[in-house]
Amino acid sequence: MLNFAIRFKNRLLPAFAAFISGVLPLLAEGPVHTDYVAAELVSETTSIQPGTPFNVGLRMDMKPDWHTYWLNPGDSGLETRIKWNLPEGFDAGPIKWPYPERIVMEPLVNFGYEREVMLLVEITPPADLETDIDVTLEARAEWLVCKEICLPGEADVRLILPVRAMAPEIDPDMAERFSQAKSELPVEDSEWIFKAYMDEESIRVTAEPPEWHDNQIDDAFFFPDVPEIIENAALQNWRRTDDGYTFDLDRAAIYAQVPNEITGVLVSEAGWRGTGSEPAIYVNAPVERVDKLQDDASAAALPLDGNGPGLPLAILFAFIGGIILNLMPCVFPIISLKIMGFVKQAGESHAAVAKHGLLFALGVLVLFWVLAGLLIALRAA
């Protein structure tokens, strides 16, 4: 027994201590370092109050030239995910995604983050949470990090916060980081009006600014939050119009379904609420199907159906157009021939006149049906 105790003290105890020292850092707070990403769970406040929501952030620091992905990764990639393990009664909201960068990897264009990013999440503790205790927030973060190659990564992160009865205070060490992260979130409650028009090949989005908006936006880039809607590598042709701005998006060659609305983030360094304001704004534009987008940027589209003049007005315009056509010099010989035809038919029976009229009308209708069929066949081809 004495020999075992001596052997445990001299050999097993140091090995056990080394094992514990290696495990404890994985369970402690602070950044978790992987090959290319350091991940850390941080809080905006120094404590929490029962029933009062507070912000935490998954801070990810990538090595140079490596990147992770946005909600819509673009042509390839996978968005970062957070799987929460929270105390009973706690609730975690969705990730608040900062606007992404355009990452070109020819011939692909991806949407993501380089260097550092903070993914904000709002946590709501239960109203009956006991005070003067510490609570532990745990989560597993999973991501895909890419350079020339892509590697999956994950980290188990945790955060310990005290529960106090008084209102929580902002952590001075984290105030600047959270302020920066919030400034990178897209503006949602704005007075901008967005509309979208879509034909078989393109989507045109119009952006009408509020009356008080006076700064010029020379360029902007749209990041759709739904994949496989547009060609990410195509030019978007941002331009000024009489009512505001417009840009065109090429529809994806293969798309799952026609969207009822175009949603995503529009980014411009000019700021959407004035100079120096937030560079990103959330876009939710209802889509109107059209037959063909016009080339003139100041006019959004030609209506497909239901949006043009009513049937009586269209008939009136057609009648006026027919009268105008009869005044053309090239039509005059045809008019004389028709008059001679009427004179010749004057002595015929009413049945013969009606027969000629019906056959003439039927011939006109059949001709236009044939022309319409040819146009539909050409369009389908």
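This one's a predicted model, so the numbers in the text were calculated from it and none came from an experiment.
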Angle class for the [X]/[Y] ring planes (parallel below 30°, perpendicular above 60°, tilted otherwise)?
X      : Y      : answer
Trp66  : Tyr36  : parallel
Tyr245 : Trp238 : parallel
Phe222 : Phe247 : tilted

Hydrophobic cluster membership, [X] vs [Y], 4.5 Å side-chain cutoff:
X      : Y      : value
Tyr282 : Ile95  : no
Ile229 : Val283 : yes
Tyr99  : Leu185 : no
Trp97  : Phe223 : yes
Met174 : Leu119 : no

Rounded distance (nearest 0.5 Å) linking atom [atom1] of [X] with atom [atom2] of [Y]:
X      : Y      : atom1 : atom2 : answer
Leu120 : Lys96  : CG    : NZ    : 6.5 Å
Glu201 : Leu249 : CD    : CG    : 14.0 Å
Ile48  : Leu129 : CD1   : CG    : 5.5 Å
Asn55  : Ile123 : CG    : CD1   : 9.0 Å
Asp250 : Ile230 : CG    : CD1   : 8.5 Å
Asp132 : Ser47  : CG    : OG    : 10.5 Å

Would you please say whether a donor-acceptor pair under 3.5 Å links the side chains of [X] and [Y]?
X      : Y      : result
Thr263 : Asp225 : yes
Asp75  : Asn110 : no
Gln180 : Glu184 : yes

Could you pull out the closest heavy-atom pair between [X] and [Y], with the gap in Å?
X      : Y      : answer
Gly93  : Val121 : O-CG1, 3.3 Å
Val265 : Ala280 : CG1-CB, 3.7 Å
Asp65  : Lys147 : O-CG, 3.5 Å
Asn215 : Ala270 : ND2-O, 3.0 Å
Leu293 : Val290 : CD2-CG2, 3.9 Å
Gly271 : Ile217 : O-CD1, 4.2 Å

Do [X] and [Y] come close enough that some side-chain heavy atom pair is under 4.5 Å?
X      : Y      : result
Pro224 : Asn232 : yes
Glu169 : Thr45  : no
His67  : Met62  : no
Phe178 : Val42  : yes
Ile281 : Pro186 : no
Thr46  : Ile170 : no
Thr131 : Pro50  : yes
Arg158 : Glu138 : yes

Should the pair [X]-[Y] be classified as a salt bridge under the 4.0 Å nitrogen-to-oxygen rule?
X      : Y      : answer
Arg204 : Asp199 : no
Glu142 : Lys83  : yes
Arg251 : Glu228 : no
Glu278 : Arg273 : yes
Arg59  : Glu40  : yes

Aromatic ring proximity His213/Trp192, centre distance under 6.0 Å: yes
Ring centroid separation for Tyr69 and Trp143, is it under 6.0 angstrom?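 That pair fails the under 6.0 Å test.
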Does [X] [atom1] have over 12 foreign heavy atoms under 6.0 Å away?
X      : atom1 : result
Glu116 : CD    : yes
Gln216 : CD    : yes
Asp134 : CG    : yes
Arg102 : CZ    : yes
Leu371 : CG    : yes

Under 3.5 Å, side chain of [X] to main-chain N/O of [Y], donor-acceptor pair present?
X      : Y      : result
Ser268 : Pro279 : no
Glu261 : Ala285 : no
Lys63  : Asp35  : yes
Trp272 : Leu266 : yes

Taking it one step at a time, do Thr124 and Phe54 satisfy side-chain contact (heavy atoms from CB on, under 4.5 Å)? CA-CA 7 Å; Thr124 303; Phe54 62 98; over 6 Å; no
Show the numbers, then the answer: is there a side-chain contact (heavy atoms from CB on, under 4.5 Å) between Glu200 and Arg289? CA-CA 9 Å; Glu200 291 298 325; Arg289 293 293 305 277; 3.3 Å; yes
Test side-chain hydrogen bond (donor to acceptor under 3.5 Å, both in side chains) on Trp70 and Glu101; report intermediate values, then the result. CA-CA 9 Å; Trp70 184 51; Glu101 304 172 50; over 6 Å; no
What verdict does the side-chain contact (heavy atoms from CB on, under 4.5 Å) test give for Arg239 and Asp248, after you've listed the backbone C-alpha separation in whole Å, the side-chain angles of each residue and the deciding distance to 0.1 Å? CA-CA 9 Å; Arg239 57 198 183 275; Asp248 292 336; 3.1 Å; yes
Start with the C-alpha gap between Val56 and Leu137, add the side-chain angles, then the distance that decides, and say whether side-chain contact (heavy atoms from CB on, under 4.5 Å) holds. CA-CA 10 Å; Val56 299; Leu137 311 179; 4.2 Å; yes
